[in-house]
Amino acid sequence: MSDQPSHDDLWTDAARAIDWFTPYSSILDDSRQPLYRWFPDATCNTSYNCLDRHVANGRGEQTAIIYDSPVTDTVQHISYRELLDRVSRMAGALDKLGISKGDRVVIYMPMVPEAAVAMQACARLGAVHSVVFGGFAANELASRIDDCAPKLIVSASCGIEPSGLVPYKPLLDQALELSQHKPKHTIILQRQQLTAELLPGRDLDWTEMETFAEPVNATAVASTDPLYIIYTSGTTGQPKGVVRDNGGHLVALNWSMGNIYDINPGDVFWAASDIGWVVGHSYIVYGPLIRGATAVMFEGKPVGTPDAATYWRLIERHKVKAMFTAPTAIRAIKREDPDGKLLKDYDLTSLETLFLAGERADPDTIQWAENHLQRPIIDHWWQTELGWPAVANCAGTGLFTVKYGSSGKAVRGFQIEVLDESGQPLPRDTLGALALKLPLPPGTLPTLWNNDEGFVEKYLTEFPEYYSTGDAGFIDGEDYVHIMSRTDDVINVAGHRLSTGQMEEVITDHPDVAECAVFGINDELKGQVPLALLILNQGTAKKATQIESEVIASVREVIGPVAALKRVYTVNRLPKTRSGKILRATLQKIANGEPYKTPATIDDPVILDEIQSEIEVRG
Ligand code: COA
Ligand code: AMP
């Protein structure tokens with residue numbers, strides 16, 4: 001740890017900003033290395049820190065959440081007092097159903113305030129929520145239900161996408177047919193746009209539950225108890241259940257709101273993400289409320305709901321001080337309004353900074369936003385596992401320089417290094433694997449759900465004493481970190497993290513497919529999109545184009561529309577090394593029209609020319 005300050009120096013002050021029920025006597029428990037626990041003997045409650053203490057301190061009438069939903073033409077302001085009341089009553093309803101500390105609750109909901117109420121209600125009881133993104137299919141929901149075995153599922157009758165209504169309840173019913181684990185109850189929020197049929201005895205109506213419930217107080221939980229599980233994509237089809245604790249998470253998020261985003265009590269912060277992603281957890285539902293700020297919850301898209309001025313309209317309407325979105329959203333706006341004409345109709349004086357994350361921010365996108373907004377556009381880097389930014393320009397410190405192509409410098413508490421394959425640190429400006437020295441700071445994942453061993457194997461074994469990020473990059477001579485690519489099978493589609501390995505598993509289940517390779521290719525709007533190359537079984541009766549369409553449909557059916565697999569091409573052979581490994585990196589370069597070197601280990605170099613012409617023909 002050489003020149004790093006001690007954990008006490010780093011976190012003592014930050015921890016004072018949190019209301020603990022039982023104070024901690026030590027900051028870090030490192031007795032089970034490489035597993036670490038923050039504020040090990042303290043007790044607290046996350047919902048109490050988000051709500052009760054602000055109401056007690058005079059913020060009751062301040063808006064906690066602004067729900068702005070252009071798809072339903074609704075704007076709703078929910079004060080801290082109202083939110084506390086709704087959350088306490090919903091927690092009472094869950095309590096009546098027998099949900100208590102440590103029980104799991106799956107939440108499968110669109111971007112409505114009730115989703116935040118459900119999450120906070122779980123936190124209030126010490127129950128562990130696991131939110132599943134609405135763009136995932138029933139099968140994905142089922143695998144999460146089986147992994148975390150919830151006592152209850154909270155859902156809604158429908159979501160609203162620009163393409164139309166998405167009925168959630170049939171997906172939930174299908175997931176419950178597929179899953180081994182069957183929770184006793186579901187609670188369904190009926191939305192007027194499309195109501196769902198409830199199964200008597202099993203499905204309960206949200207409004208009735210909330211209306212007739214008695215409010216309950218916040219339960220004391222150990223700082224180290226899990227607050228939530230969030231599943232994220234890895235190399236295989238089995239998603240990883242990232243665990244978040246209570247105490248470390250409270251301390252880290254509060255610190256990050258002030259120091260990274262420069263958001264203080266009373267300020268308005270808008271993370272244009274979804275509660276199904278970590279950004280929605282950290283910076284819609286928890287971070288702003290822990291801080292006593294106001295969070296915007298947006299049910300819409302950057303374009304098409306109704307137009308490419310939606311972001312600017314909301315910033316003006318709600319006097320947003322800092323905003324967070326994915327670069328793909330800015331690219332979508334830029335595509336529809338390249339000269340930024342729409343933006344000129346709005347008063348954006350409240351906006352001080354725009355933060356970007358979730359995928360590489362290309363300099364073109366940053367410069368477009370900079371030119372039109374005339375504000376710092378801050379790229380920053382983190383992952384579901386980390387829970388808050390590890391590399392950033394910290395706006396709260398006031399001292400930062402935006403460097404195109406870099407996500408900033410390591411944030412306090414994160415020690416990032418570039419390692420070679422044997423785990424040795426590489427010199428400056430040299431590309432290698434990005435790794436974080438252990439222990440990771442508070443708020444990061446302490447483990448995977450029910451799987452300490454898997455956590456150690458997947459993240460802490462490749463480089464002893466480090467956490468492997470799965471990203472490659474370099475650090476320049478001025479300590480700026482440049483994130484370049486993933487080192488595994490994960491791709492990033494419109495800021496959504498997806499596993500190509502998982503898509504391959506689904507595709508090879510097709511009876512006519514002998515083999516396949518899926519990899520990410522560049523896309524002007526979404527950053528990356530998946531492309532699949534198929535080899536068909538000999539003598540199959542169906543036409544290749546029919547099989548390709550079936551493959552597209554089955555990925556959508558099994559993983560969900562969010563997978564966005566639209567390009568599937570049949571080829572005669574796939575390039576492999578002599579030991580049989582498909583050369584995906586070379587295929588990716590070919591498909592992107594980038595120069596590539598024919599690998600020395602390839603079994604037959606002619607295949608590369610065949611694939612290149614096939615991709616050129618198909619476009
Ligand atoms: N529930 C149900 N379906 C959903 C969904 C949800 N919550 N979210 C997305 N989908 C569906 C979409 O309807 C779409 O289905 P389709 O193939 O039938 O059209 C599919 O999943 C892909 O959606 P999306 O990735 O949103 O692509 P898009 O082409 O509809 O929109 C953008 C493109 C760039 C506008 C959109 O991706 C976007 O707003 N990106 C911002 C990214 C972001 O906020 N990331 C969070 C990390 S910070
Ligand atoms: P997720 O867990 O969905 O947040 O995805 C995390 C992954 O997205 C990281 O490991 C990176 O590969 C990528 N990512 C996130 N932020 C950035 C960024 N600012 N620049 C480049 N890649 C990013």
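Order of listing sets the numbers, starting from 1, for every ligand and every atom in it. Residues: numbered from 1 along the sequence shown.
For ligand 1, the atoms lying closer than 4.0 Å to a non-hydrogen atom of Val562 are 21 (O). Residue-ligand proximity, Phe133 to ligand 1, at heavy-atom distances under 4.0 Å covers atoms 5 (C), 7 (N), 8 (N). Heavy-atom proximity to His496, at under 4.0 Å, picks out these atoms of ligand 1: 25 (O), 45 (N). Per-residue contacts place Pro561 under 4.0 angstrom from the following atoms of ligand 1 (heavy atoms of the residue considered): 11 (C), 15 (O), 20 (C), 21 (O), 22 (C). Below 4.0 Å from some heavy atom of Thr328 lie the following atoms of ligand 1, by number and element: 34 (C), 40 (N), 41 (C), 42 (C). Numbered from 1 in the order shown, with element, the atoms of ligand 1 that lie under 4.0 Å from a heavy atom of Gly135 read 1 (N), 2 (C), 3 (N), 4 (C), 5 (C), 6 (C), 7 (N). Against a heavy-atom cut-off of under 4.0 Å, Val279 is close to the following atoms of ligand 1: 48 (S). Annotation for ligand 1: atoms under 4.0 Å from non-hydrogen atoms of Ala272 are 44 (O).
Summary of contacts: the protein heavy atom closest to atom 10 (N) of ligand 1 is Glu161 OE1, 3.4 Å. Scanning all protein heavy atoms for the shortest distance to atom 2 (C) of ligand 1 gives Gly134 O, 3.4 Å. Nearest protein neighbour of atom 30 (O) of ligand 1, counting heavy atoms only, is Lys301 NZ, 3.8 Å. Protein heavy atom closest to atom 28 (P) of ligand 1, with residue, atom name and distance, is Lys526 NZ, 3.9 Å. From the protein, the heavy atom lying nearest to atom 37 (O) of ligand 1 is Ala494 CB, 3.3 Å.
Of the protein's heavy atoms, none falls inside 4.0 Å of atom 19 (O) of ligand 1. Within a 4.0 Å radius of atom 41 (C) of ligand 1, the protein has at least one heavy atom.
Counted by atom type alone, His380 and Asn393 present zero donor-acceptor pairs between their side chains at under 3.5 Å. Defined by atom type and a distance below 3.5 Å, a donor-acceptor pair is missing between the side-chain atoms of Ser499 and Asp489. Residues Glu370 and Tyr404 bring a donor and an acceptor atom of their side chains to less than 3.5 Å of each other. Side-chain contact check for Arg244 and Tyr228: at least one donor-acceptor pair (N or O, by modelled atom type) lies under 3.5 Å. Side chains of Ser256 and Tyr283: a donor-acceptor N/O pair is present below 3.5 angstrom, by distance only. Looking only at atom types and distance, the side chain of Thr195 has no donor-acceptor partner in the side chain of Gln190 under 3.5 Å away. Looking at Lys240 and Tyr459, their side chains do bring a donor and an acceptor atom within 3.5 Å of each other.
For Glu478, the side-chain hydrogen bond (donor to acceptor under 3.5 Å, both in side chains) partners at least two apart in sequence or on another chain are Lys403. Scanning for salt bridge (Lys or Arg N to Asp or Glu O under 4.0 Å) contacts around Arg584 gives Glu504, with sequence neighbours left out.
For the salt bridge (charged side-chain N to carboxylate O under 4.0 Å, His left out) condition, the pairs that include at least one residue of residues 300-311, sequence neighbours left out, are Glu161-Lys301, Asp307-Arg313.
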request  = Give the C-alpha distance, both sets of side-chain angles, the deciding distance and a yes or no for ring-ring contact (aromatic ring centres under 6.0 Å, His included) between Trp270 and Tyr311.
outcome  = CA-CA 10 Å; Trp270 177 19; Tyr311 274 18; 5.1 Å; yes
CA sep, side-chain torsions, deciding dist, call: Leu314, Val320, side-chain contact (heavy atoms from CB on, under 4.5 Å) = CA-CA 8 Å; Leu314 261 80; Val320 173; 5.6 Å; no
message = Working note: Asp476 + Arg428, criterion salt bridge (Lys or Arg N to Asp or Glu O under 4.0 Å); need CA distance, chi angles, decisive distance, verdict.
response = CA-CA 5 Å; Asp476 69 20; Arg428 294 290 146 137; 5.8 Å; no
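Close placement of the Trp368 and His372 rings is indicated, their centers lying within 6.0 Å of each other. A ring-centre distance under 6.0 Å is not found for Trp388 and Tyr286.
Which of Ala329, Gly159, Pro302 comes nearest to atom 39 (O) of ligand 1 through a heavy atom is settled by distance: it is Pro302.
Between Phe474 and His482, the angle of the ring planes stays under 30°, which puts this pair in the parallel group of the 30/60° scheme. Ring pair Phe133/Phe136 is perpendicular by interplanar angle, where above 60° counts as perpendicular and below 30° as parallel.
At a 4.0 Å cut-off, at least one heavy atom of Lys566 sits close enough to ligand 1 to count as contact. Ser273 counts as a contact of ligand 1, since one of its heavy atoms falls under 4.0 Å from the ligand.
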Could you give the N/O to N/O pairs under 3.5 Å linking ligand 2 and the protein, each with its distance?
| residue | atom | partner | partner atom | Å |
| --- | --- | --- | --- | --- |
| ligand 2 | 2 (O) | Thr384 | N | 2.8 |
| ligand 2 | 2 (O) | Thr384 | OG1 | 2.5 |
| ligand 2 | 2 (O) | Arg497 | NH1 | 2.6 |
| ligand 2 | 8 (O) | Gly358 | O | 3.4 |
| ligand 2 | 8 (O) | Asn492 | ND2 | 3.0 |
| ligand 2 | 10 (O) | Gln383 | NE2 | 3.0 |
| ligand 2 | 10 (O) | Asp471 | OD1 | 3.4 |
| ligand 2 | 10 (O) | Asp471 | OD2 | 2.7 |
| ligand 2 | 10 (O) | Arg486 | NH1 | 2.6 |
| ligand 2 | 12 (O) | Asp471 | OD1 | 2.7 |
| ligand 2 | 12 (O) | Asp471 | OD2 | 3.2 |
| ligand 2 | 16 (N) | Gly358 | N | 3.1 |
| ligand 2 | 19 (N) | Asp379 | OD1 | 2.8 |
| ligand 2 | 19 (N) | His380 | O | 2.7 |
| ligand 2 | 20 (N) | Glu359 | O | 3.3 |

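Only the side chain of Tyr168 comes within 4.0 Å of ligand 1, judged by heavy-atom distances. Residue Arg556 touches ligand 1 through its side chain alone, judged by heavy-atom distances below 4.0 Å. Within the 4.0 Å heavy-atom criterion, neither part of Glu299 lies near ligand 1.
For ligand 1, the polar-atom distance check finds no N/O of Trp277 at less than 3.5 Å from any of the ligand's N/O atoms.
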